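Okay, structure first, notes after.
Position 1 is the first residue of the sequence; numbering continues from there. On a predicted model such as this, the values are computed, not experimentally measured, just so you know.
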Amino acid sequence: MSDEKPPQLVDYFVVAGLAEASRALEEEQQPRPARPGEPITDVAVIIRSQGEEVPQGFTCIETTTSGHPVDLNAGLLNNPQMFLCYKRGRDKPPLIELGVHYEGKDRPKPGYQILDTTPYSRSANLASGSPGHQRTFLTFRRAAEPPGHHTLGVTDICLVMPSKGESTPHTFCRVDKNLNTSMWGPALFLCYKIAVAKGNTLVYEAGLLSRYPEQDSESFPLPESVPVFCLPMGATIESWPAGTKYPLPVFSTFVLTGASGDKVYGAAIQFHEAFPRERLSEAQALRLGLLSVVDRRPVPGRSLHTRKSICVLSHWPFFDVFRKFLMFIYRYSISGPHVLPLETHISHFMHNVPFPSPQRPRILVQMSPYDSLLLCRPVSSPLPLSGASFLTLLQNLGPDNAVALLVAVLTEQKLLIHSLRPDVLTSVGEALVAMIFPLRWQCPYIPLCPLALADVLCAPVPFIVGIHSSYFDLYEPPRDVIFVDLDTNTIFQSEERKLLSPRALPRRPCKVLLASLHSLSQQLDELLSAPGEEEPPELVLSDAEAAGARRAQLELEARAAFLRFMACALRGYRSFLRPIAPAPAPAGRDAGSLFALQGFLRSRERAYQRFYGQLLRTQLFTQFIEDCSFASDREPCLEFFDTCVDKVDLEKPEDTPLMELDDPRGGEHTVFITPPEQPAGPDGAEPPARYRYDGFPTLCPELLEPPRDPLVAQLCQARSSAPSSPAPRRTKQEMKVAQRVAQKSSAVPELWARCLLGHCYGLWFLYLPTHVRAAPAKLRALQLAYDVLRKMEQHKVVLPDEVCYRILMQLCGQYGEPVLSVRVLLEMKRAGIVPNTVTYGYYNKAVLESKWPAGTQGGRLRWAKLRNVVLGAAQFRQPLRQRERRSDQPPPAPRPPLQRQTTWAGRSLRDPAPAPRLVKSGSLSFPRGEGGTRMGLGEPPLLPVTPPLPPSRPRGPPGSADGSLSDIATDESGGDEGPAGGPGGGPGGVTPRRGLAAKLQQLLSPGKRPPPRPTEPPREPGARRGSEQRDGDPPSRRSPAETLLRPRERPESTASESSVSLGSELDLSDASGGSTGAPKSTEPSSDGTAGTEPPALEVLLSSCSRCPGCAGLVFDEELMAGWTSDDSNLNTSCPFCCRSFVPFLSIEIRDFRRPPSPPGAGPVPPSPEGPVLSDRRRCLELDETPELCNGCPPGRWERVAFAYLSPLVLRKELESLVENEGGELLARPELVDSHPIIFWNLVWYFQRLALPSNLPLLLLGSQHAPRDPQQPLPPVLQPPEPSRVRVRLLWDVLSPDPESCPPLYVLWRIHSNLPPRLHPWGPPPAPFSLTFLEALLSHVGLNEVHKAIGLFLETLAAPGAPRTLHRSIYRELLFLTLAALGREHTDIAAFDRRYRSALGKLGGALGRDELRRRRAQPPSAKASDCRRTFGAPPEC
């Protein structure tokens, strides 16, 4: 593929010609006995019935090609006998074209002469014997004067009668006008041949005269056959008559194909130079006509010349650019004198002209004050790079012959294309192999074959070979070859080689292809018409530029027409591919085992069985199946073809555009390359011009300059991923499809949220190779990724592409897990995803190259069956044991008091309490570790669990200190049951505020609290209650009040966000250890002190951003809703003022690392004044006091902010990073410092979706956590200190504005005498009293949200209220409700419905515009879907 080529424009510069070791070519071959030495200069018509004789020097044509007598006027018996005569010579310019003119019917062609009289001044009308017939004359066109030695001319003339079974001879042109216009007699046609008639020529094999650079490149050594391709007809020595004009240089192109299929393009020009007569032997002089045969005297009036060639080799087919450069070099060599040597210009072009890139799409090279060339970036296309010209194919062969050649190439015939124009051969040959895409020609392919390699024409294998037409003047052509004459637009088929008719092709696609080609051919003919001469030059120039653009557009349409035909012909082939599911057999790569050949053949119509039968037996189709089945370098091309197959419609295939190509000139940035600098002379004068050449010189290494401009090094291609690791990248076609899907999804709220979620999972799978590489257990990490795939499929996560499955398949192949790869493929099919070519290739590669487990699985299966039987029997016996246990159980004793405590992230701890009380909670921290709520993937405990403390330790008030949304704690004393209202419940000990909270809880969630059941059987102890269960408490003993701590299981139909969240319900506990390096809360510590060790770093992240326009706070779900489908747009839109701005991730890094203890020191006992986990108020005070947080010494704090990127933008940037710098960077701490935006966004999304990663551990080696320089480094043999990083996600702002008014949920905490989490807050406004907050909660609880909104709006208008409201009214009421009642007792979706209903009631009174101005509108449907899909962040 072109993406893997080096970006160097030119690889080699070569000079080829007659070398000392060149051997003669004509002596080794068997040439034809007769070859015309002079062209035809005159034609004449004579009437023998009237006594006219053949003029002197003329030759009369009396018979046809098969020997039948011929008469130009044989229609009637009384007609005069007329014959055609011709004359050869070099005394005048030769004839270059013949024709037939019907007088009165045809217009005379410009440049043609009408042969209206005989040499004896009689009428040359070929129908003179019949007065009523059309007057017919011969016409001819002569070459311009003075004639050159290599001028093309008519070298032979013949007449054919089709009624006698005669056909046009090979390499002859036929005039398609009947010479016999009468009603009687056979039809007669004139044929002539155009060639280079030259005599006195010696032909030798071309050799290498000079090259630059002289040393071969390691990636691409110079092929030895380059000189013979530069001069395909050999290096000649020619004897010319005196005064013969030098011919113009001839431009030619060729293609060299390597063993791996890589193509190297060559561009060369051939020219003539004087040759010294002293280098000739006597025999050579005799053959050249320089010596007389009798007395061996020199013949005067003859000059001696030889043919040379200069050539450039490149991996890029910039043929027009190379032609201009070579012509400049040739003109430079024949002119002069010059200041700079020729070598300077050659080295300057090769070293200082960079390859055009997307950043520099246009390179303007100024070679001299009068010569320049423009180099543009190639068209960005998923098709392979080629030098094909489909317009040249249509121009030289026509639509019908082009389709006939398509059949020949698809059935692998022997094709020999020939022309007198060598530059046309390469363009047409490249078009022949490009028209069969996605199939790839596997047999010999030489679009311009030199005479030295002409033996390939006798090979017993199919081939596509192009050769100069003068080959047939020297040698007999093979008999089993199909000849394609580009000069006469004819295809010659031998009796031994018959082509299939185009009717054998599928009818509908072939009909569409022919119609498209005919339309393009007609447009091309109109385009080639010359502009009028009366137009001014500037208009002619603009028309030429427009014609060039139009020609490029027609070229793309022609290629798309052939692509559409191939997509229709191979439609449905993917369903017949056979995946390798079991352990592969030795013949696993056979086409029959990879593809259902007979099934595919039976799926086609019977009328086309012959064509498909031959196609399936070809080498190109076999290689195509292997490319589709295994990973190869053609994956992007094949994946693009699969999308084309999906697009085409057999009923209307012409209506579907298949190619969406980028404009190569889309950028306006042009790099200007100046000519080489001239050296300064003495005293600043201009240096003398001292370089003049008699012929093209041999390159002097001393004059070749080294590179002087570092521009080429800057444009080098970026590094790719290491070959040993999978390349996590999408193909260009997958990127385009994902972009279109994102554009469609952005208009549908639910689809947009799922689209963002799919890209988030795509980010994690891009990181998966790095995670697996660092994991100690590779299989466990791969199994974890497979479980993630299954969870995604269960939750209907819409993936934009197949990268997730593909990367996992690649890793399975890399680490030798073929069975898991098969399971991934089955998971894809279960999800309804048909793997494309890229994914299918990596799957088969993993299955084929990995080592399969042993086939004897009987013992393992039998043990598994026995295990299932034992477990089943135990399950049946479990109810009996429970019944027996209950019957033997004594009366229940009074249970110990229970109080649920909640830490900062909602983790609960229990501690004995004297009396039950309903405690309000005062903040927005969401629980993550409880049985019925969201449990993060691999989430470590935010506070380590400690053993229970003595009851005598003082405790603070039992209120919620951190504001957990689910914090409703009870205390059992006095026999009260709390707000549940169970037996024995009463108002004793319950404050009015706590009674209000209990009433609101009952109003908002009346059916979510289970009734107290003293005899409820105990649950299984395996539930995830590690953070809530104390050591020593039996799992079966549970108080009725404890039911308030765990919400009931909601039915699936409940519209709760906690029940439909796709981003936080994945519970894969086997990866918890790898996410942050801390042990899980449900796993017991290895020692008693391990759980009390504080983390090394604590990171707080918040995506809440402030709009720069209206100063409003925009929260995470609103930011997601404001993003666009453009993967280059970093902006989101504010929901209040609709202004676009870039959101930011706010990060706070707390470093709690302490210096290590001396080697002999024991553990440090806790301070008696230090905080304890049971003291909730003290813990919250420590949360606000960094010097005493968690009992740790003062740590280093740092706050930074970086752009918050959309998953679409982040994925594009991550793919670019991995492609440019390698995937290993994701495992190094340099990622944090060099690419902080990518790093922090990945940490946010992975933590948000609870996906495991080692990214937080990279902070320990970054500049955000520098090691204390005074701290000594540990010894080498000492194990490293266990590093732990804790990451917390916040919903609200991380650092509030000190002058802003505290939000209502913070005021609730302040009025409850609980310290706020964030500081400093300003003083609470007087109108926002506790009575006001209780009134709002009362209205919300009584389903009177409209009254709550109205009360809030009235209070804002009261004196002393804040002027500006940074949060919306919806956000204030929601957060207050969550803080007062708890997250698990509040249905956010139901709250949204009530709020929207209330807003509809207020809209009539206040007006929607006024409500929007006062920020009372709820989140949009897109924002609500984003929150429902991703889930809300766990803390506030």
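Checking Tyr445 against Glu430 by side-chain atom types alone, a donor-acceptor pair falls below 3.5 Å.
For Arg604 and Phe611, the positive end is not near the middle of the six-membered ring at less than 6.0 Å and at most 45° from its axis.
Of the possible donor and acceptor atoms, none in the side chain of Tyr1245 sits under 3.5 Å from a partner among the backbone N and O of Trp764. For Ser603 (side chain) and Phe600 (main-chain N/O), a donor-acceptor pair under 3.5 Å exists by modelled atom type. Remark: the backbone N or O of Leu615 is paired with a side-chain donor or acceptor of Thr618 at under 3.5 angstrom. The main-chain N or O of Ser1125 is found under 3.5 Å from a side-chain atom of Gln739 such that the two form a donor-acceptor pair. At distances below 3.5 Å, at least one donor-acceptor pair connects side-chain atoms of Glu412 with backbone N or O atoms of Gln619. Using modelled atom types, no side-chain atom of Arg790 and backbone atom of Tyr786 make a donor-acceptor pair closer than 3.5 Å. A donor-acceptor pair is defined here as one N or O able to donate and one able to accept, closer than 3.5 Å; no such pair exists between the side chain of Ser1216 and the backbone of Lys1212. Side-chain atoms of Tyr612 come within 3.5 Å of backbone atoms of Ala569 as a donor-acceptor pair (strictly under, hydrogens ignored). A donor-acceptor contact shorter than 3.5 Å links the side chain of Gln442 to the backbone of Arg440. Without hydrogens or angle criteria, Lys414 side chain to Ile482 main chain gives no donor-acceptor distance under 3.5 Å.
Between the NZ atom of Lys511 and the CZ atom of Arg507 there is a distance of 6.5 Å, given to the nearest 0.5 Å. With values rounded to the nearest 0.5 angstrom, Ile807 atom CD1 is found 11.5 Å from Gln814 atom CD. In this structure, Leu768 CG and Leu763 CG are separated by 12.5 Å, a value rounded to the nearest 0.5 Å. Between Leu405 atom CG and Ile436 atom CD1 the span is 12.0 Å, to the nearest 0.5 Å. Of the inter-residue distances, the one linking Leu577 atom CG with Cys628 atom SG reads 6.0 Å to the nearest 0.5 angstrom. Atom OH of Tyr573 and atom CD1 of Ile625 lie 7.5 Å apart (nearest 0.5 Å).
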So Lys778 and Glu817, side-chain contact (heavy atoms from CB on, under 4.5 Å) or not? Walk me through it.
CA-CA 10 Å; Lys778 312 296 182 185; Glu817 296 295 334; over 6 Å; no
Stepwise side-chain contact (heavy atoms from CB on, under 4.5 Å) test for Leu757 and His795:
CA-CA 11 Å; Leu757 184 63; His795 292 289; over 6 Å; no
Determine, stepwise, if the pair Val847 / Leu825 fulfils side-chain contact (heavy atoms from CB on, under 4.5 Å).
CA-CA 11 Å; Val847 171; Leu825 179 65; over 6 Å; no
Given the rule in the side-chain contact (heavy atoms from CB on, under 4.5 Å) test, do Phe624 and Leu638 qualify, once you have shown the distances and angles that lead to the verdict?
CA-CA 9 Å; Phe624 170 67; Leu638 297 178; 3.8 Å; yes
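You'll find the side chain of Leu811 stays beyond 4.5 Å of the side chain of Leu820, heavy atoms only. Residues Pro579 and Lys829 form a side-chain contact, since some pair of their non-hydrogen atoms from C-beta on lies under 4.5 Å apart. A heavy-atom distance below 4.5 Å is not found between the side chains of Pro835 and Tyr805. Inter-residue side-chain proximity for Ser389 and Glu555 is flagged as met; some heavy-atom pair is nearer than 4.5 Å. With a 4.5 Å cut-off on side-chain heavy atoms, Phe565 and Val403 do not count as touching. Within the 4.5 Å cutoff, the side chain of Cys443 has no heavy atoms near those of the Ile464 side chain. Side-chain atoms of Arg559 and Leu556, non-hydrogen and from C-beta on, never get closer than 4.5 Å to each other. Contact of the Gln609 side chain with the Leu601 side chain is registered, since non-hydrogen atoms from C-beta on lie closer than 4.5 Å.
Atom CD of Glu827 has more than 12 heavy atoms from other residues, nucleotides or ligands within 6.0 Å.
Nearest heavy atom pair, residue Glu802 against residue Val834, reads OE2-O, 3.1 Å. The shortest non-hydrogen separation linking Ser1253 to His771 is CA-ND1, 3.9 Å. Taking both residues in full, the closest heavy atoms of Cys804 and Gly762 are given as SG-CA, 3.9 Å, listed atom of the first, atom of the second, then distance. A pairwise comparison of heavy atoms in Gly1223 and Thr770 identifies O-OG1, 3.3 Å as the closest pair. The heavy-atom pair separating Val648 from Val645 by the smallest distance is CG2-O, 3.3 Å. Among all heavy-atom pairs drawn from Ala434 and Phe390, the shortest one is CB-CZ, 4.0 Å.
For Ser501, there are no side chain to side chain donor-acceptor pair (under 3.5 Å) partners two or more places apart in sequence or in a different chain. Looking at residues two or more places apart in sequence or on another chain, you find a side-chain contact (heavy atoms from CB on, under 4.5 Å) between Asp400 and Leu514, His518.
Relative ring orientation between Phe641 and Phe437 is described as perpendicular, the plane-to-plane angle rising above 60° on a 0-90° scale split at 30° and 60°. Classified by interplanar angle (parallel below 30°, tilted 30° to 60°, perpendicular above 60°), the ring pair Phe595/Phe621 is perpendicular.
Put simply, the residue from Arg806, Arg1211, His759 that forms a side chain to side chain donor-acceptor pair (under 3.5 Å) with Asp801 is Arg1211.
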